[in-house]
> 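Below you'll find the structure I mean.
Counting from 1, the numbers follow the sequence of the chain as shown.
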Amino acid sequence: MRAVWRCSAAILASLSVVSRAQGEKWVNRTIDDQLGDEATGRLVTYTPPGVWSQGNGCGYCALKPDNHSALDGTWHDGFHDPNRDVEPLAFEFKFNGTAVYIFNILVKQALTNVNITLDGQLVNTYAHTPDLTNQFAYNASVFSKENIPYGEHTVGVSAFGPNQTNVLFDYAIYTCVFQLLLIGSRS
Ligand SMILES: *[C@@H]1O[C@H](CO)[C@@H](O)[C@H](O)[C@H]1NC(C)=O
Ligand SMILES: *[C@@H]1O[C@H](CO)[C@@H](O)[C@H](O)[C@H]1NC(C)=O
Ligand SMILES: *[C@@H]1O[C@H](CO)[C@@H](O)[C@H](O)[C@H]1NC(C)=O
Ligand SMILES: *[C@@H]1O[C@H](CO)[C@@H](O)[C@H](O)[C@H]1NC(C)=O
Ligand SMILES: *[C@@H]1O[C@H](CO)[C@@H](O)[C@H](O)[C@H]1NC(C)=O
Ligand SMILES: CC(=O)N[C@H]1CO[C@H](CO)[C@@H](O)[C@@H]1O
């Protein structure tokens, strides 16, 4: 018999046949805009192609937040222009877990207006209304949802419609439930 900590939908689904949970702990994992999921390496997808830029080192990007204030020094810079765009500015990521939190960099004098979907259903509309200060707000929570049934979930964030909007995506966090499994026969 051996003991392992696992965090995966398939293992949880097969618990009753293969083994039994001997304990569990909740662990947060980060999905960086550029480096992806710290545990699986899975990357965030950005659409449409060519519209998003890596903000760090982007010479032509109008918005220049402090790279030391962003997680891992990176963020994705996207802009929705209703006069130009024929499809939404969007990003999407997947995770196995029970909670998810999304953090952006906000531009205080500009609008950020996005729709957020969870597994294809619209779950929230976020709007940051501009104030007059010419500053950035880091680690700004634009969405959080807890108590999601454990499993693989897809989160989409998109901007479309009549308003110009800036989206500076820094990172997401999700909560994974680790279960301590004793694999092998019980006697
Ligand atoms: C995970 O991170 C979120 C956002 O920072 C926090 O509210 C939550 O308590 C954390 N959960 C765990 C299990 O650490
Ligand atoms: C962060 O920005 C400064 C200039 O503001 C630049 O010199 C430095 O190389 C940047 N750091 C990284 C990791 O890109
Ligand atoms: C935002 O959070 C990240 C990760 O915790 C941290 O590295 C960064 O310094 C924070 N930025 C600010 C401005 O507090
Ligand atoms: C979720 O777990 C399943 C089963 O282990 C795995 O096949 C899938 O790739 C995982 N998904 C993500 C987004 O990590
Ligand atoms: C959010 O979705 C609604 C309904 O599809 C749409 O009318 C609206 O323009 C969307 N807003 C953004 C910011 O994408
Ligand atoms: C969040 C936000 O500012 N929405 C605005 C989008 O544009 C319409 C039409 O101009 C406004 O009515 C909304 O307030």
Side-chain angles (χ1 to χ4, degrees), residues 29-97 99-145 148 152-174:
R29 287 175 170 173
T30 302
I31 300 177
D32 182 62
D33 73 290
Q34 182 72 19
L35 304 175
D37 187 314
E38 65 174 326
T40 67
R42 182 190 289 265
L43 299 176
V44 178
T45 57
Y46 297 91
T47 52
V51 166
W52 289 90
S53 306
Q54 172 49 243
N56 185 328
C58 176
Y60 56 81
C61 292
L63 300 170
K64 306 215 181 287
D66 168 27
N67 56 22
H68 301 292
S69 298
L71 184 77
D72 293 322
T74 62
W75 64 95
H76 264 66
D77 178 312
F79 180 67
H80 166 62
D81 179 353
N83 300 317
R84 174 197 69 188
D85 297 343
V86 294
E87 58 179 299
L89 175 82
F91 65 89
E92 186 180 288
F93 60 87
K94 292 179 188 288
F95 66 95
N96 278 316
V100 63
Y101 310 83
I102 300 174
F103 298 92
N104 279 23
I105 301 170
L106 298 178
V107 193
K108 295 191 100 183
Q109 81 276 25
L111 176 68
T112 295
N113 186 200
V114 290
N115 280 346
I116 294 140
T117 60
L118 178 64
D119 302 328
Q121 303 292 312
L122 181 66
V123 285
N124 199 32
T125 297
Y126 174 85
H128 160 75
T129 41
D131 63 34
L132 294 176
T133 56
N134 185 17
Q135 292 169 18
F136 294 101
Y138 299 91
N139 295 319
S141 170
V142 298
F143 179 67
S144 67
K145 186 149 178 73
I148 311 169
E152 184 178 83
H153 299 288
T154 304
V155 173
V157 177
S158 66
F160 204 49
N163 303 313
Q164 287 194 342
T165 187
N166 287 100
V167 181
L168 301 180
F169 170 56
D170 190 358
Y171 61 100
I173 287 173
Y174 66 95

> Considering residues at least two apart in sequence or located in another chain, which fulfil the side chain to side chain donor-acceptor pair (under 3.5 Å) criterion with Asp81?
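Expected list: none.
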
> For Phe160, what residues pass the ring-ring contact (aromatic ring centres under 6.0 Å, His included) criterion, not counting sequence neighbours?
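ring-ring contact (aromatic ring centres under 6.0 Å, His included) check on Phe160 returns His80.
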
> Going by atom types only, do Thr112 and Asn104 share a side-chain donor-acceptor pair under 3.5 Å?
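No, because no side-chain N or O of Thr112 sits under 3.5 Å from a partner of the opposite role on Asn104.
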
> Does anything in residues 106-143 form a disulfide (SG to SG under 2.5 Å)? List the pairs, not counting sequence neighbours.
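Pairs touching residues 106-143 that pass the test: none.
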
> In Å and rounded to the nearest 0.5 Å, what is the CG to CG distance from Leu106 to Leu168?
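Going from the CG atom of Leu106 to the CG atom of Leu168 covers 8.0 Å.
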
> Not counting sequence neighbours, list each pair that qualifies as a disulfide (SG to SG under 2.5 Å) and has a residue in residues 39-72.
Cys58-Cys61

> Which residues pass the side chain to side chain donor-acceptor pair (under 3.5 Å) test with Tyr138, sequence neighbours left out?
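Testing Tyr138 for side chain to side chain donor-acceptor pair (under 3.5 Å), a comparison that skips the adjacent residues, returns none.
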
> How would you list, by chain and number, every residue that makes a side-chain contact (heavy atoms from CB on, under 4.5 Å) with Ser158, sequence neighbours excluded?
Pro88, Ala90, Asn115

> Partners of Asp131 by side chain to side chain donor-acceptor pair (under 3.5 Å), sequence neighbours excluded?
Thr133

> Kindly indicate whether the side chain of Thr125, heavy atoms from C-beta on, has any atom under 4.5 Å from the side chain of Asn113.
yes

> First locate atom CD1 of Ile116, then atom CD of Gln121, and finally report the distance between them rounded to the nearest 0.5 Å.
14.5 Å

> Using the test side chain to side chain donor-acceptor pair (under 3.5 Å), find all partners of Ser141 that sit at least two apart in sequence or belong to another chain.
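Not a single residue meets the side chain to side chain donor-acceptor pair (under 3.5 Å) criterion with Ser141.
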
> Return the set of residues passing ring-ring contact (aromatic ring centres under 6.0 Å, His included) with Phe103 (not counting sequence neighbours), or none when no residue passes.
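Result, ring-ring contact (aromatic ring centres under 6.0 Å, His included) vs Phe103: Tyr171.
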
> Could you state the interatomic distance from CD (Gln109) to CG (Asn166), rounded to the nearest 0.5 Å?
8.5 Å

> Going by the rule side-chain contact (heavy atoms from CB on, under 4.5 Å), which residues pair with Leu118 if we only count those two or more places apart in sequence or in a different chain?
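Only Val123, Lys145, Ile148, His153, Val155 meet the side-chain contact (heavy atoms from CB on, under 4.5 Å) criterion with Leu118.
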
> Would a 4.5 Å heavy-atom cut-off, applied to side chains only, mark Trp75 and Asn56 as touching?
yes

> Does Pro130 have any side-chain contact (heavy atoms from CB on, under 4.5 Å) partners at least two apart in sequence or in another chain, and if so, which?
Leu111

> Does Ile105 offer a backbone N or O that forms a donor-acceptor pair with the side chain of Asp170 under 3.5 Å?
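No, Asp170 side chain to Ile105 backbone: no donor-acceptor pair under 3.5 Å.
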
> Would you compute the distance between atom CD1 of Ile31 and atom OH of Tyr101 and round it to the nearest 0.5 angstrom?
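Rounded to the nearest 0.5 Å, the CD1-OH separation comes to 13.0 Å.
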
> Quick one: does Lys108's side chain get under 4.5 Å of Phe136's, heavy atoms only?
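A side-chain contact under 4.5 Å is absent here.
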
> Would you mind reporting whether Val167 and Leu89 have side-chain heavy atoms less than 4.5 Å apart?
yes

> Report yes if some heavy atom in the side chain of Ile173 is under 4.5 Å from a heavy atom in the side chain of Val100; otherwise report no.
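When only atoms from C-beta onward are counted, Val100 and Ile173 do not touch, as no gap falls below 4.5 Å.
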
> With a cut-off of 3.5 Å and sequence neighbours excluded, list every side-chain donor-acceptor pair involving residues 44-51.
unit_1, atom_1, unit_2, atom_2, d
Thr45, OG1, Glu92, O, 3.4
Tyr46, OH, Asp33, O, 2.7
Tyr46, OH, His76, ND1, 3.3

> Please state whether the rings of Phe91 and Phe93 are parallel, tilted or perpendicular, taking 30° and 60° as the class boundaries.
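Parallel.
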
